[in-house]
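One structure is given here, and the rest of the page talks about it.
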Amino acid sequence: MKAYGRTSRRRNGFDPNDRHYSVELENEVKRMSPEVLDRLLRDVDDDED
């Protein structure tokens, strides 16, 4: 039986599944208030009004 594996999508040195993961960043985001996280994700400046 032939072994089955994921085919390589690597082209030009880029693999979409090859991402870095930061536990420190995850913990920091978990401690943020929902309002602050929303502003960061929407890229909203506090100076706008």
Side-chain angles (χ1 to χ4, degrees):
M1 180 134 254
K2 183 179 176 184
Y4 176 78
R6 183 178 74 141
T7 58
S8 176
R9 295 182 184 181
R10 210 164 218 201
R11 291 181 180 85
N12 299 328
F14 177 75
D15 183 357
N17 294 317
D18 189 19
R19 296 181 181 97
H20 298 286
Y21 185 80
S22 170
V23 174
E24 293 85 14
L25 181 61
E26 176 190 8
N27 290 332
E28 190 173 327
V29 169
K30 284 180 179 180
R31 287 190 303 267
M32 287 182 182
S33 71
E35 294 81 14
V36 172
L37 181 59
D38 184 57
R39 282 196 307 262
L40 284 173
L41 293 174
R42 294 174 188 260
D43 196 29
V44 176
D45 288 334
D46 289 336
D47 298 334
E48 291 180 6
D49 277 339

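What's counted below: heavy atoms across the whole structure, side chains too, no hydrogens, waters or symmetry copies.
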- Task: Apply side chain to side chain donor-acceptor pair (under 3.5 Å) to E26 and list each qualifying residue two or more places apart in sequence or on a separate chain.
- Result: Y21, K30
- Item | Partners passing side chain to side chain donor-acceptor pair (under 3.5 Å) against R31 (at least two apart in sequence or in another chain) | none
- Item | Members besides V36 in its Ile/Leu/Val/Met/Phe/Trp/Tyr cluster (side-chain heavy atoms under 4.5 Å) | L25, V29, M32, L37, L40, L41
